[in-house]
Trainee: 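Can you read through this structure? Questions will come right after.
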Amino acid sequence: MTIEYRQAVLEDAELLVNIYNASFYDDYMRYGSCPGYGKTKEMMEESISKYIKYIILCDNESVGCVSCIKLENGTYEISCLCVIPEYQGKGIGTQAIQFVKTSYEDWKMLTLVTPISKKQNVKFYTEKCGFHIESTERDGNVELARFVLER
């Protein structure tokens, strides 16, 4: 299994909409809303224009996305890490976190949010990636955990 990353361009908007929708469908069904689900092509094009997104390729197949936003000196938020369901549990997400750590060499702290009720996400970020939960916050009716990884 070969994992590669390529920076998304505007022409990837529909591909990314499909990846996001496949990856976040369960969240949408569970919570009634999900910021990663149901984006239009135009919304995704705007997001690609503002933020660097990397398409995750597994054996040349587009299977996910990882995106970071620089918050301040040395602090980055992983705004999106998603892998389509058929490819989850294969180490792709763990490798994507390593990709972020090597791509943003000046990182001192990585942060992200995910629903605290998604036990598999909590386990992934804490046990496989070394993050800890710093706090909780709400987004509508969803309680989110704020994860932090410090160098």
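The structure displayed is predicted, hence computed values, not measured ones.
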Trainee: Would you check if the distance from the ring center of Tyr5 to the ring center of Tyr54 is below 6.0 Å?
Mentor: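 That pair fails the under 6.0 Å test.
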Trainee: Between Glu72 and Lys108, is there a side-chain N and carboxylate O pair less than 4.0 Å apart?
Mentor: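 Looking at Glu72 and Lys108, the cut-off is not met.
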Trainee: Check this for me: does any side-chain nitrogen of one of Arg6 and Asp12 sit under 4.0 Å from a carboxylate oxygen of the other?
Mentor: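 Salt bridge between Arg6 and Asp12, a charged N being under 4.0 Å from a carboxylate O: yes.
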Trainee: Flag the pair Ile84 / Asn18 as yes when at least one side-chain heavy-atom distance between them is below 4.5 Å, and no otherwise.
Mentor: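 Not touching, per the 4.5 Å side-chain cut-off.
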Trainee: With sequence neighbours excluded, tell me which residues meet salt bridge (charged side-chain N to carboxylate O under 4.0 Å, His left out) with Lys118.
Mentor: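 Lys118 satisfies salt bridge (charged side-chain N to carboxylate O under 4.0 Å, His left out) with Asp27 once adjacent residues are dropped.
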Trainee: How about Asn21 and Tyr28: do any of their side-chain heavy atoms sit closer than 4.5 Å?
Mentor: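 They are not in side-chain contact.
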Trainee: Tell me, do Ser62 and Leu57 make a side-chain contact under 4.5 Å, heavy atoms counted?
Mentor: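 They are in side-chain contact.
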Trainee: So Cys80 and Tyr20, do their side chains get closer than 4.5 Å, heavy atoms only?
Mentor: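 Side-chain contact under 4.5 Å: yes.
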Trainee: Flag the pair Trp107 / Val100 as yes when at least one side-chain heavy-atom distance between them is below 4.5 Å, and no otherwise.
Mentor: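 A side-chain contact under 4.5 Å is absent here.
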Trainee: Say whether Leu10 and Ile52 are linked into one hydrophobic cluster, either directly or through other cluster members, by side-chain heavy-atom distances under 4.5 angstrom.
Mentor: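 Yes, one cluster joins them.
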Trainee: Taking atom types as modelled and ignoring hydrogens, do the side chains of Tyr76 and Asp106 form a donor-acceptor contact shorter than 3.5 angstrom?
Mentor: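 Result is yes, a qualifying pair exists.
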Trainee: Which residues pass the salt bridge (charged side-chain N to carboxylate O under 4.0 Å, His left out) test with Lys101, sequence neighbours left out?
Mentor: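 Per chain and number, Lys101 pairs via salt bridge (charged side-chain N to carboxylate O under 4.0 Å, His left out) with no residue.
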Trainee: Following the transitive rule for hydrophobic clusters with a side-chain heavy-atom cut-off under 4.5 Å over Ile, Leu, Val, Met, Phe, Trp and Tyr, establish whether Leu15 and Val83 coincide in one cluster.
Mentor: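 In one cluster with Leu15: Val83, yes.
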Trainee: Would you please test Phe24 and Tyr37 for ring-ring contact (aromatic ring centres under 6.0 Å, His included) and show each step?
Mentor: CA-CA 6 Å; Phe24 294 118; Tyr37 182 82; 8.6 Å; no
Trainee: Output the rest of the hydrophobic cluster of Val148: all Ile, Leu, Val, Met, Phe, Trp and Tyr residues reachable through side-chain heavy-atom contacts under 4.5 Å, sorted by chain and number.
Mentor: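 Under the 4.5 Å side-chain rule, Val148 groups with Met109.
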Trainee: Do Ile92 and Cys58 come close enough that some side-chain heavy atom pair is under 4.5 Å?
Mentor: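 Contact flag for Ile92/Cys58 side chains = yes.
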Trainee: How about Phe99 and Ile3: do any of their side-chain heavy atoms sit closer than 4.5 Å?
Mentor: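 No, every pair of side-chain atoms sits at 4.5 Å or beyond.
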Trainee: For residues Met43 and Ile48: do they belong to one hydrophobic cluster (side chain heavy atoms under 4.5 Å, members Ile, Leu, Val, Met, Phe, Trp, Tyr)?
Mentor: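 Cluster IDs for Met43 and Ile48 differ.
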Trainee: Under 4.0 Å between a side-chain nitrogen and a carboxylate oxygen: does that hold for Lys41 and Glu14?
Mentor: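 Counted as a salt bridge, because a side-chain N and a carboxylate O are separated by less than 4.0 Å.
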Trainee: Are Val9 and Val63 in one and the same hydrophobic cluster, where Ile, Leu, Val, Met, Phe, Trp and Tyr link if side-chain heavy atoms are under 4.5 Å apart?
Mentor: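 In one cluster with Val9: Val63, no.
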Trainee: Can you tell if the side chain of Thr94 reaches within under 4.5 Å of the side chain of Phe124, non-hydrogen atoms only?
Mentor: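 Touching, per the 4.5 Å side-chain cut-off.
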Trainee: Are there over 12 heavy-atom neighbours, none belonging to Tyr25, within less than 6.0 Å of that residue's OH?
Mentor: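 Open.
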Trainee: Identify which one of Ile69, Thr114, Ile97 satisfies the side chain to side chain contact (heavy atoms under 4.5 Å, CB included) criterion when paired with Ile78.
Mentor: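 Answer to the side chain to side chain contact (heavy atoms under 4.5 Å, CB included) test with Ile78 among Ile69, Thr114, Ile97: Ile97.
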Trainee: If you link I, L, V, M, F, W and Y whenever their side-chain heavy atoms are under 4.5 Å apart, who else ends up in the same group as Tyr31?
Mentor: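 Direct or chained contacts put Tyr31 with Val113, Val142, Leu144.
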Trainee: Determine, using the 4.5 Å side-chain heavy-atom cutoff (strictly less than), whether Leu110 and Leu71 are members of one ILVMFWY cluster.
Mentor: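 They do not share one cluster, since no chain of ILVMFWY contacts under 4.5 Å joins Leu110 to Leu71.
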Trainee: Can you list the residues that meet the salt bridge (charged side-chain N to carboxylate O under 4.0 Å, His left out) rule with Glu143, with sequence neighbours excluded?
Mentor: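 Residues passing salt bridge (charged side-chain N to carboxylate O under 4.0 Å, His left out) with Glu143: none at all.
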Trainee: Can you sort out the partners of Glu86 under salt bridge (charged side-chain N to carboxylate O under 4.0 Å, His left out), two or more places apart, ordered by chain and number?
Mentor: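 So Glu86 forms no salt bridge (charged side-chain N to carboxylate O under 4.0 Å, His left out) with any residue.
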